[in-house]
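Worksheet: one structure, shown below.
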Amino acid sequence: RQLQNRFYLVCVCACVCVCWGIRFLTIGLTVGSILAFSYGLSFMFVPGEHLRLCPQDYTCCSSQMEETLAQQSERDFLKAVSDNSQFLLTTFTQRHRRFDEFFKELIDLSEKSMNQMFTKTYGLLFTQNAHVFQELFLELRRYYSGGSVSLAEVLSDFWSRLVERVFSLVNPQYQFSEDYLECVSKHAEQLQPFGDVPRKLRVQVSRAFIAARALSQGLATGRDIVNKATKVNSECVRGLMRQWYCPLCRGMPSVRPCRSLCLNVMKGCLANQADLDTEWNNFIDALYQVSEKLEGPFNMELAADSISVKVSEAIMHMQENSVSISSKVFQGCGNPRPAPARSKRSPKESGGNRRPFRTYTPEEKPTTAAGTNLDRLVTELKERLRPMRGFWVSLPHTICNDEKMAADVTNEDRCWNGQTRGRYLPDVTGDGLVSQINNPEVEVDIARPDVRTRQLIMELRVVTNKLRHAMSGQDMDFMDSEEGSGSGGGDHGERYNHDWPGYGPYSPPYTKPSNNPASNPAKPPRGRDRNGSKWNRNNGQGRVRSAAGLLSFSLFSLLPLPFVVTAATMWR
């Protein structure tokens, strides 16, 4: 009997030594090592009064082991959230980069093709005035990149400069002062020297640029919101430890938490993220609808291609109607002074023998370095946006559906219920912060909404509002500063069959915005070669100024000299 007692004493001492050895080794052990020890030593239990997170039953975990496992449970949770949201982060990051590169390249190609074609067509006449178009494209790039630029002002300023130069070219027998040319531009709204082309191009370019910028900014905002939303706090460590590693301390390392237990823990840990659901879904829907607009009536590729064509049409219209336009200008601005005699330019200098303007054929059209097109980009984006709706509400289910995180629903009677092996009886709580008032696994203070979550909700509302306005061709950043409704110019119903095939006729007639000076403050001076005072005084020739309105937007100037000579002969 003494021999038997000694044997028991040796066994007890050996167990104590092993347990204390495990305790000291815990700091350097991985979770896998702990599991290995637990499989072999699960029969060694001590009272669990020292435990802080797990049930205080008999256990083989020390306080230090419990703390280490709690830290590991938090890392596992953060990794699960990060892994499951990686699809969102990757989509927003990659799609934003591809769309941004594509839109910027479209602008570059539009400017490049214009310079090439007009240099061949108009020669020196174009190169001498190329800065007008360079400034236009510079402002378009600034606008797309998020600069505080009004498209309406950019396009209006471009047309006013263009009409001054073209008017001088079609009347070479006269000498015009800057004040006189200013009067010409002021009368442009009434004279419509370029016909209806500026308005049509304004509708196309404004809508396309507004939608492109809104989509690019929306994708960037989506990326930032996912990054912020996945930085979850650690207030639910107790619930994470209880479901994932307390079974290990009870000697049951192979038992997974019940799925309902997992859902309650995850819904408590992700309660603030679930509150993003409504605004998140609105944001995803708005992104989807704007992308559809871009491949339809707001097509950025078509708008970029139409710039040079529409400007050429505008100049041709002014050429064909130069006599009547000049006559009306002379009546309103006064008779100009005759120009001093000068030698006739050679055809080589004027570009008069150049071939007429033409656009690229489909075979000659340059390809983008991005190696794709807008339709393909939009199709790929829409496919990735569809599964994003309801992401934050479904995230707890996604995590708990992983067999490594929770037991299958068919194993409800043999899973870990938070105390022991068996069925989990409490009901699964609802989604969101308020629903966690009765969550049995995670203590959530529903009286104190998370400040960061409120900020994310506000960010989603702002970007969604901007996307929705872009769907109507409106730029929300300039709605309060411009007449009409933003840079879209208020042309909500305008469509043109020859511009946008397949999208129906434009039905509502175009109504010019009011020129009431009280609601339309004077435009600031153009910062090139005139000072601001000239915009507010008469030109000294008794002309009557019209209200500032000008025209819209396009891209091309200058005409061949043969026409100039012909027109000059007719006026003599």
Side-chain angles (χ1 to χ4, degrees), residues 110 113-114 117-118 120-122 125-126 129 132-133 136 152 154-174 176 181 183-206 302-333 350-352 354-359 489 491 494-500 506 509-510 512 546 549-571:
S110 180
S113 63
M114 181 201 70
M117 290 185 289
F118 274 67
K120 292 179 179 178
T121 304
Y122 300 116
L125 290 178
F126 170 73
N129 294 272
V132 175
F133 306 100
L136 170 66
V154 168
L155 305 182
S156 176
D157 192 50
F158 167 76
W159 281 111
S160 66
R161 297 184 186 187
L162 183 61
V163 73
E164 293 175 7
R165 281 158 175 76
V166 176
F167 185 79
S168 297
L169 290 171
V170 298
N171 293 282
Q173 71 275 31
Y174 295 110
F176 301 103
L181 292 177
C183 178
V184 175
S185 66
K186 293 288 187 179
H187 280 77
E189 175 96 16
Q190 299 173 347
L191 297 175
Q192 291 191 337
F194 300 122
D196 200 34
V197 174
R199 181 177 65 88
K200 292 181 179 180
L201 188 60
R202 171 171 55 85
V203 172
Q204 295 178 13
V205 172
S206 295
L302 294 179
D305 287 343
S306 68
I307 291 177
S308 57
V309 178
K310 283 293 188 291
V311 175
S312 177
E313 292 179 5
I315 295 175
M316 291 174 60
H317 183 276
M318 188 167 180
Q319 290 178 358
E320 295 171 355
N321 299 275
S322 60
V323 175
S324 60
I325 293 173
S326 299
S327 176
K328 293 178 182 178
V329 169
F330 297 158
Q331 292 177 9
C333 298
S350 65
R354 305 280 183 173
R355 59 189 173 88
F357 169 81
R358 67 177 181 86
T359 59
D491 307 310
E494 290 182 288
R495 288 179 181 170
Y496 304 96
N497 288 336
H498 60 285
D499 292 332
W500 310 111
Y506 95 106
Y510 175 70
K512 293 183 183 295
S546 64
L550 308 183
L551 297 173
S552 290
F553 165 73
S554 180
L555 212 99
F556 255 54
S557 94
L558 314 183
L559 47 154
L561 190 61
F563 170 79
V564 175
V565 177
T566 303
T569 304
M570 293 173 58
W571 293 324

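From a predicted model like this one, the values you see are computed outputs, not experimental measurements. FYI, the numbering just counts along the sequence from 1.
Remark: of the listed residues Asn171, Leu181, Leu191, Leu191 is the sole one forming a side-chain contact (heavy atoms from CB on, under 4.5 Å) with Val329.
The aromatic rings of Phe330 and Phe167 lie perpendicular to each other, with more than 60° between the two planes, well past the 30° mark.
Side-chain atoms of Ser326 do not come within 3.5 Å of backbone N or O of Val323 as any donor-acceptor pair. In this structure, Ser110 contributes its side chain and Ala304 its backbone to a donor-acceptor pair below 3.5 Å. Using modelled atom types, one side-chain atom of Ser322 and one backbone atom of Gln319 make a donor-acceptor pair closer than 3.5 Å. Within the 3.5 Å criterion, the main-chain N or O of Ala152 finds no donor-acceptor partner in the side chain of Ser156.
Of all heavy-atom pairs between Phe194 and Ala314, the closest is CD2-O, 3.2 Å. Here the shortest heavy-atom pairing between Pro193 and Ala188 reads CD-O, 3.5 Å. Closest of all the heavy-atom pairs between Ser185 and Glu164 is OG-OE2, 3.5 Å. Closest of all the heavy-atom pairs between His187 and Cys183 is ND1-O, 2.9 Å.
Looking at heavy atoms from C-beta onward, Val184 lies out of side-chain contact with Phe176 at the 4.5 angstrom threshold. Looking only at side-chain heavy atoms (C-beta outward), Val132 and Arg165 come within less than 4.5 Å of each other. In this structure, the side chains of Met318 and Val163 come closer than 4.5 Å at one or more pairs of heavy atoms. Between Gln204 and Lys310 the shortest side-chain heavy-atom distance falls below 4.5 Å. Taking 4.5 Å as the limit, some side-chain heavy atom of Leu201 sits within range of a side-chain heavy atom of Ser306.
Once rounded to the nearest 0.5 Å, the distance linking CG of Leu169 with CD1 of Ile315 reads 9.5 Å. Rounding to the nearest 0.5 Å gives a distance of 6.5 Å between NE2 of His317 and CD1 of Ile325. Here the CG atom belonging to Asp305 is positioned 7.5 Å from the OG atom belonging to Ser113, to the nearest 0.5 angstrom.
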